[in-house]
Protein chains: 2
Amino acid sequence: MARTRTYNHFCPVARSLEVIGEKWSLLIVRDLLRGPQRFTDLLRGLNNITPKWLTLRLRELESAGIVERDQEPGRKEVRYRLTEKGAQLGPVIAALNVWGVDHAMRPPEPGEGILLARSLQAIASYFNSRGLKAEVPLEWEIRTPDNPPARIRFDGETWRLRGEDPPPAPALVVESDAQAWAEFLAARGEDRAAVFARMRVAGGDDAVAFFRQAFRIPVGA
Amino acid sequence: MARTRTYNHFCPVARSLEVIGEKWSLLIVRDLLRGPQRFTDLLRGLNNITPKWLTLRLRELESAGIVERDQEPGRKEVRYRLTEKGAQLGPVIAALNVWGVDHAMRPPEPGEGILLARSLQAIASYFNSRGLKAEVPLEWEIRTPDNPPARIRFDGETWRLRGEDPPPAPALVVESDAQAWAEFLAARGEDRAAVFARMRVAGGDDAVAFFRQAFRIPVGA
DNA sequence: CTGAATCCGACACGATACTG
DNA sequence: CAGTATCGTGTCGGATTCAG
């Protein structure tokens with residue numbers, strides 16, 4: 001595979017970018033960090049990517065030892081998952097996530113795909129990078145019409161996405177629609193408080209207070 | 001500026017990559033993290049970039065608020081430097097550096113530019129990411145024929161590049177040529193020990209022992 | 001319906017030369 | 001020193017097609 005995107009620097013940063021600097025590569029890794037995905041899961045999640053480019057990128061990532069292809073013999077289903085080498089790109093995604101939250105967020109565009117699970121992944125990563133901790137383990141659930149409900153959990157040390165598995169009552173449930181949820185995340189200060197005021201939130205006073213603190217929602221009028 | 005590289009995801013990682021994901025952008029930031037640079041400094045350091053693309057990328061980074069252009073009135077000299085927003089890309093570069101050192105290094109290619117200062121920047125960043133600490137503050141100097149001598153210093157807490165300014169005797173001096181120094185960094189285990197054996201090292205026994213430990217040079221034959 | 005392959009056009013990028 | 005200008009190539013997007 002004649003890489004055209006070479007820099008010819010003797011430098012670890014340049015070497016890394018030669019491997020995962022092409023368009024889409026890091027976003028594929030981002031989505032696989034949530035767990036193994038099928039081709040069409042990735043296709044949908046990446047929104048604008050064409051099958052051709054997803055195929056090519058997956059092959060490149062595979063031959064770079066970042067992604068593995070799991071195909072059960074007999075089954076037709078193919079699952080792509082990260083190797084250990086690929087999972088170690090986590091800190092790169094986390095650093096981009098922090099910078100993006102701090103310096104590159106804006107409200108969602110009309111045609112933009114809003115994946116609830118992905119937005120909670122970003123929140124968990126940001127909280128972990130910022131060292132935000134709750135006093136006790138807790139769980140939040142966010143519900144919107146178009147997405148399966150998603151949960152984020154603080155286990156006493158770090159924040160993680162939660163799958164569908166065990167449903168002990170979460171400390172707090174937010175009900176909204178995906179658009180409003182995204183606008184909530186993109187806004188700051190009073191604007192964020194205004195959007196928050198229009199969402200339905202169920203939970204104890206302490207839980208709500210901590211949620212407001214975590215998202216820096218001013219107490220406002 | 002009609003960004004062609006848009007992803008249309010509501011996601012901080014995708015937003016970041018829309019700003020700094022184009023070819024060369026992050027490498028310009030990498031070089032500016034060492035301090036302000038002139039156009040031709042960057043041109044030389046980036047090795048294969050053409051003036052046209054360097055100009056375009058600098059304009060983009062400027063209008064994104066990542067880079068500032070300093071031009072003394074009357075003087076022709078222009079210096080580019082990072083804004084605070086740009087400096088906060090440091091953790092992104094650091095994460096790419098760690099991954100590159102762990103998973104993407106290989107010996108230098110023949111035509112490859114080897115900048116001593118940049119390689120020490122990468123080492124300092126890697127040591128800091130890995131939490132390597134010395135028991136006392138210390139300084140190393142690396143000398144090669146083609147580059148100005150470069151120094152790296154541990155101040156008791158973090159590792160930093162040192163400019164040319166104050167020259168109290170470093171704890172350890174390595175004399176080599178740039179090619180051998182790069183091969184030393186690219187090698188592991190016994191290979192690294194073999195290259196190390198061919199370099200001239202001056203310093204106290206403790207200083208040399210710590211250097212070997214920091215670079216994981218086996219004691220060997 | 002999943003998991004692709006193929007063709008074509010737009011534009012991002014590279015190589016080289018030239019300018020205030 | 002700090003860029004422009006010109007021209008060719010490669011990367012990528014869009015639409016269509018295809019086999020299991």
Side-chain angles (χ1 to χ4, degrees), chain A residues 1-9 14 17-28 31-32 36-63 67-81 111-113, chain B residues 1-9 14 17-28 31-32 36-64 67-81 111 113:
Chain A
M1 189 186 349
R3 301 227 116 273
T4 70
R5 187 156 177 159
T6 57
Y7 288 110
N8 272 94
H9 297 183
L17 289 173
E18 287 173 357
V19 179
I20 42 74
E22 320 270 330
K23 192 165 180 181
W24 300 112
S25 298
L26 273 175
L27 296 185
I28 293 171
D31 283 358
L32 289 177
Q37 312 253 355
R38 290 175 305 172
F39 187 84
T40 28
D41 295 335
L42 291 168
L43 207 56
R44 259 193 293 274
L46 293 167
N47 204 23
N48 270 331
I49 197 173
T50 62
K52 163 187 168 176
W53 284 106
L54 180 55
T55 303
L56 182 57
R57 284 293 117 88
L58 284 170
R59 294 289 166 275
E60 288 173 2
L61 291 171
E62 218 183 321
S63 80
V67 158
E68 274 177 356
R69 216 178 119 94
D70 268 5
Q71 187 165 19
E72 323 260 325
R75 289 287 301 146
K76 189 173 180 183
E77 199 176 85
V78 179
R79 300 196 142 240
Y80 293 93
R81 59 182 178 80
E112 231 164 51
Chain B
M1 184 187 355
R3 301 227 114 273
T4 71
R5 187 157 175 159
T6 57
Y7 288 110
N8 272 95
H9 298 182
L17 288 174
E18 286 173 358
V19 180
I20 43 71
E22 320 269 330
K23 193 166 180 182
W24 298 113
S25 298
L26 273 174
L27 297 185
I28 293 172
D31 283 359
L32 290 177
Q37 312 253 355
R38 289 174 304 175
F39 186 85
T40 29
D41 294 335
L42 290 167
L43 206 57
R44 259 192 294 273
L46 292 167
N47 205 25
N48 269 332
I49 199 174
T50 62
K52 163 185 167 178
W53 284 106
L54 181 54
T55 302
L56 182 58
R57 284 294 116 89
L58 284 170
R59 296 290 169 273
E60 289 172 2
L61 291 171
E62 217 182 323
S63 80
V67 158
E68 273 176 358
R69 212 180 121 95
D70 269 2
Q71 188 167 17
E72 323 260 325
R75 291 283 303 144
K76 190 171 178 182
E77 199 175 88
V78 179
R79 298 197 143 240
Y80 292 94
R81 58 184 177 78

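For clarity, every value in this text was computed on a predicted model and none was experimentally measured. Here is the naming used below: chain letters follow the sequence lines, and residue numbers restart at 1 for every chain.
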Kindly say if [X] contacts the phosphate of [N], meaning a side-chain N or O under 4.0 Å from OP1 or OP2.
X       : N      : answer
B:Tyr7  : D:dG13 : no
A:Arg5  : C:dG14 : no
B:Trp24 : C:dG14 : yes
B:Arg79 : D:dA2  : no
A:Arg69 : C:dG3  : no
A:Thr55 : C:dA4  : no

Figure out the [atom1]/[atom2] separation between [X] and [N], and round it to whole Å.
X       : N      : atom1 : atom2 : answer
A:Glu62 : C:dG3  : CD    : P     : 14 Å
B:Ile49 : D:dA2  : CD1   : P     : 15 Å
A:Glu22 : D:dG10 : CD    : P     : 14 Å
A:Leu43 : C:dG3  : CG    : P     : 9 Å
A:Leu56 : C:dA4  : CG    : P     : 12 Å
A:Asn48 : D:dA15 : CG    : P     : 11 Å
B:Lys23 : D:dT9  : NZ    : P     : 17 Å
B:Tyr80 : D:dC1  : OH    : P     : 14 Å

Practice task
Can you tell me which residue pairs pass the side-chain hydrogen bond (donor to acceptor under 3.5 Å, both in side chains) test with a partner in residues 46-57 of chain A, sequence neighbours excluded?
Solution key: A:Arg57-A:Glu60
Handout entry: Note, B:Leu43 side chain near B:Arg38 side chain (heavy atom, < 4.5 Å)
Key = no
Exercise for the section: Using only heavy-atom distances, determine whether the side chains of B:Tyr80 and B:Arg69 contain a donor-acceptor pair under 3.5 Å. Expected result: yes
Problem - Under the salt bridge (charged side-chain N to carboxylate O under 4.0 Å, His left out) test, residues paired with A:Arg81 that sit two or more places apart - result: A:Glu68, A:Asp70
Fill in the blank from the handout: Residues at least two apart in sequence or cross-chain that pass salt bridge (charged side-chain N to carboxylate O under 4.0 Å, His left out) with B:Arg79, listed by chain then number, are B:Glu77
Could you go over nucleotides 16-20 of chain C and give all protein N or O partners under 3.5 Å, atom names and distances?
residue: C:dG20; atom: N2; partner: B:Lys76; partner atom: NZ; Å: 2.1

Problem - Any residue meeting ring-ring contact (aromatic ring centres under 6.0 Å, His included) with B:Tyr7, in chain and number order, not counting sequence neighbours - result: A:Trp24
Fill in the blank from the handout: Sorted by chain and residue number, the side chain to side chain donor-acceptor pair (under 3.5 Å) partners of A:Gln37 (sequence neighbours excluded) come out as none
